[in-house]
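Heavy-atom basis, side chains included; hydrogens, waters and symmetry copies ignored.
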Amino acid sequence: MDSASEVRVGLIGYGFSGATFQAPLIASVPGLRLTRVCSSQGERVLRDFPDVEVVADPAELMASGEVDLVVVATANASHAPLARQALLAGKHVVVEKPFTITLDEGAELIALAEQRQLHLSVFHNRRWDSDFLTLRQTIEAGLLGPINMYEAHFDRYRPTVRGRWREQNLPGSGMLYDLGAHLIDQALVLFGNPDCVNCDIGVQRSTDSGSDAADDYFHLTMRYGARRVILHASSLVLQAGPRFTVHGDTGSFIKHGMDPQEAALMRGERPGAPGWGVEPESLHAQLSFVKGALTVTGKAQSLPGCYQEYYQRVFDAIAHGKSLPVTAREGLAVIKIIRMAMQSHAQQRSVAFE
């Protein structure tokens, strides 16, 4: 494509992900144009985006000549079949995380995309969280020295099991596939593949109906020689502790609070607004490090979060041949760790990375 080209986007699904993240972020990037949305909530779609065409059948969206890129924002179990269908229709594809449920599904999609010479990416947006961007730059600048202990939490207080597919005992549901995918991806970005994985997974909430709930707790340890990477999430944390606790040979980084972009999107704010992605000073990380004879302690001003960067780079990949922001192979690496974690819990042992 030449520099004047636009990329026309078809979005499948207008639930929480599609309406809160995908559609607004797509609309924020010059060169991307949302042309089709497949949803049963047509009135809601048209209220938000009056110029799009709403269709009821994913096949109709994929067959459209007005769609170059298909974004799959549906239940996790449908990611693989819909992405496969879109690739076979000759469309580039973005899949909401988690990429797939199984490794075989992901490997098949990667092979199909390569065969068809199509772009296939996974929406791991939390690489562009304010706190993670700040932590990553702190580590890459060498301020903490070699990392010995990295602990990341994604805790919430949601004591009631809601009737959403994410919280029911279904394939691909539960906290490990949902929040775990974010934490695992961030750890893989920083440290690569671990030596081994050990995981405890639990269901701590009960349902009024007596039906099975999905996992709502996990504690995952990834080992890298002497380094320990601990990833933790729970639905029963009323007063959350630090989001990140990271210690290295020469420094420490301790951070409370969550990136503000999700809450802003839910309020109807959009990228480009004044102060977008900027955390309040009260949430800036506590940073301490030793430099020669000096010990420095203070607040590290957070870098602004920028979820829109993901779709900007998707556009640049399709229109200008640049690299994707997240490759499908990176998305599949997350699924590998999830499957290893499930094996570790089931067998009550550490599982080596092969």
Side-chain angles (χ1 to χ4, degrees), residues 1-13 17-18 20-35 67-73 79 83 86-87 90-100 106 109-110 113-114 116-137 139-140 181-182 184-190 192 259-262 264-265 269-273 276-278 302-335:
M1 292 186 176
D2 61 42
S3 59
S5 296
E6 68 175 6
V7 174
R8 299 162 298 180
V9 184
L11 171 62
I12 303 177
S17 172
T20 305
F21 290 98
Q22 313 303 333
L25 295 176
I26 290 164
S28 74
V29 175
L32 290 181
R33 182 164 65 91
L34 188 62
T35 62
V67 171
D68 307 303
L69 166 67
V70 171
V71 176
V72 178
H79 287 184
L87 291 168
K91 310 299 184 183
H92 305 292
V93 178
V94 163
V95 184
E96 170 64 281
K97 66 82 209 159
F99 179 29
T100 54
L109 292 177
I110 291 169
E114 291 176 350
R116 299 278 175 132
Q117 296 184 309
L118 294 166
H119 292 289
L120 175 62
S121 182
V122 184
F123 184 70
H124 277 294
N125 60 303
R126 290 195 177 272
R127 294 187 185 188
W128 291 272
D129 272 356
S130 173
D131 49 15
F132 182 71
L133 289 171
T134 307
L135 172 60
R136 184 177 183 180
Q137 185 161 314
I139 292 174
E140 291 177 351
H182 289 307
I184 292 166
D185 180 68
Q186 289 176 335
L188 293 177
V189 166
L190 292 175
D259 176 276
Q261 292 175 94
E262 179 175 336
L265 287 165
E269 298 173 24
R270 298 293 179 259
W276 177 262
V278 176
S302 299
L303 298 172
C306 49
Y307 290 163
Q308 68 275 19
E309 179 68 14
Y310 174 84
Y311 272 111
Q312 179 62 60
R313 291 179 59 184
V314 168
F315 170 76
D316 289 339
I318 296 172
H320 308 310
K322 297 186 178 180
S323 60
L324 285 167
V326 182
T327 68
R329 292 187 185 280
E330 289 171 326
L332 189 59
V334 172
I335 304 306

Any side-chain donor near an acceptor of the partner, Q308 and S28, under 3.5 Å: no

Is F315 close to H320 at the side-chain level, that is, under 4.5 Å between some pair of heavy atoms? yes

A83 versus V95, closest heavy-atom pair with distance: CB-CG2, 3.9 Å

Do the ring planes of Y310 and F123 sit parallel (below 30°), tilted (30 to 60°) or perpendicular (above 60°)? perpendicular

Is there a side-chain contact between V326 and F99 in this structure, where contact means two heavy atoms from C-beta onward sitting under 4.5 Å apart? no

Check for a donor-acceptor pair, side chain of H79 on one end and backbone N or O of V72 on the other, with a separation under 3.5 Å. no

So which atom in L303 and which in L133 form the shortest heavy-atom distance, rounded to 0.1 Å? CD1-O, 3.7 Å

Does any N or O in the side chain of S130 come within less than 3.5 Å of the main-chain N or O of V278, such that one atom is a donor and the other an acceptor? no

If you measure only the distance, is there a donor-acceptor pair under 3.5 Å linking the side chains of Q22 and Y311? yes

Is there a side-chain contact between V314 and P325 in this structure, where contact means two heavy atoms from C-beta onward sitting under 4.5 Å apart? yes

Drop me the distance from D259's CG to F132's CZ, to the nearest 0.5 angstrom. 12.0 Å

Between L109 and L120, the two heavy atoms sitting closest are O-CD2, 3.6 Å

Rounded to the nearest 0.5 Å, the CG atom of L69 sits from the CZ atom of R33 at a distance of 13.0 Å

When rounded to the nearest 0.5 angstrom, what is the spacing between CD1 in I26 and CZ in R8? 14.5 Å

Applying side chain to side chain contact (heavy atoms under 4.5 Å, CB included) to V122 and E96, what does each step give before you reach the verdict? CA-CA 6 Å; V122 184; E96 170 64 281; over 6 Å; no

V334 vs K97, test: side chain to side chain contact (heavy atoms under 4.5 Å, CB included). Steps then yes/no. CA-CA 9 Å; V334 172; K97 66 82 209 159; over 6 Å; no

Quick one: sort the Y307 and F21 rings into parallel, tilted or perpendicular, breaks at 30° and 60°. tilted

Mind checking the OG-CG spacing from S17 to L11? Nearest 0.5 Å is all I need. 8.0 Å

In terms of heavy-atom contacts, P304 and W276 come closest through CB-O, 4.1 Å

Pairwise distance CZ(R127) to CD(E309) - rounded to 0.5 angstrom: 12.5 Å

For W128, is there any backbone N or O sitting under 3.5 Å from a side-chain donor or acceptor partner on Q261? yes

Interatomic distance, S121 atom OG to H92 atom NE2 [nearest 0.5 angstrom]: 12.0 Å

Run the side chain to side chain contact (heavy atoms under 4.5 Å, CB included) test on V93 and L118 for me, step by step, so that the C-alpha distance in whole Å, both residues' side-chain angles and the decisive distance to 0.1 Å come before the verdict. CA-CA 8 Å; V93 178; L118 294 166; over 6 Å; no

Mind listing the closest non-hydrogen atom pair of H119 and I318 along with its distance? CD2-CG1, 3.7 Å

Return yes when atom CZ of R329 has more than 12 non-hydrogen atoms of other residues, nucleotides or ligands closer than 6.0 Å, and no otherwise. no

Hey, is D185 close enough to R126 for a salt bridge, meaning N to O under 4.0 Å? no

Partner of K91 under side-chain contact (heavy atoms from CB on, under 4.5 Å), chosen from V9, D68, V70: V70

Work out which heavy atom in G106 is nearest to a heavy atom in L332; give both atom names and the distance. CA-CD1, 3.8 Å

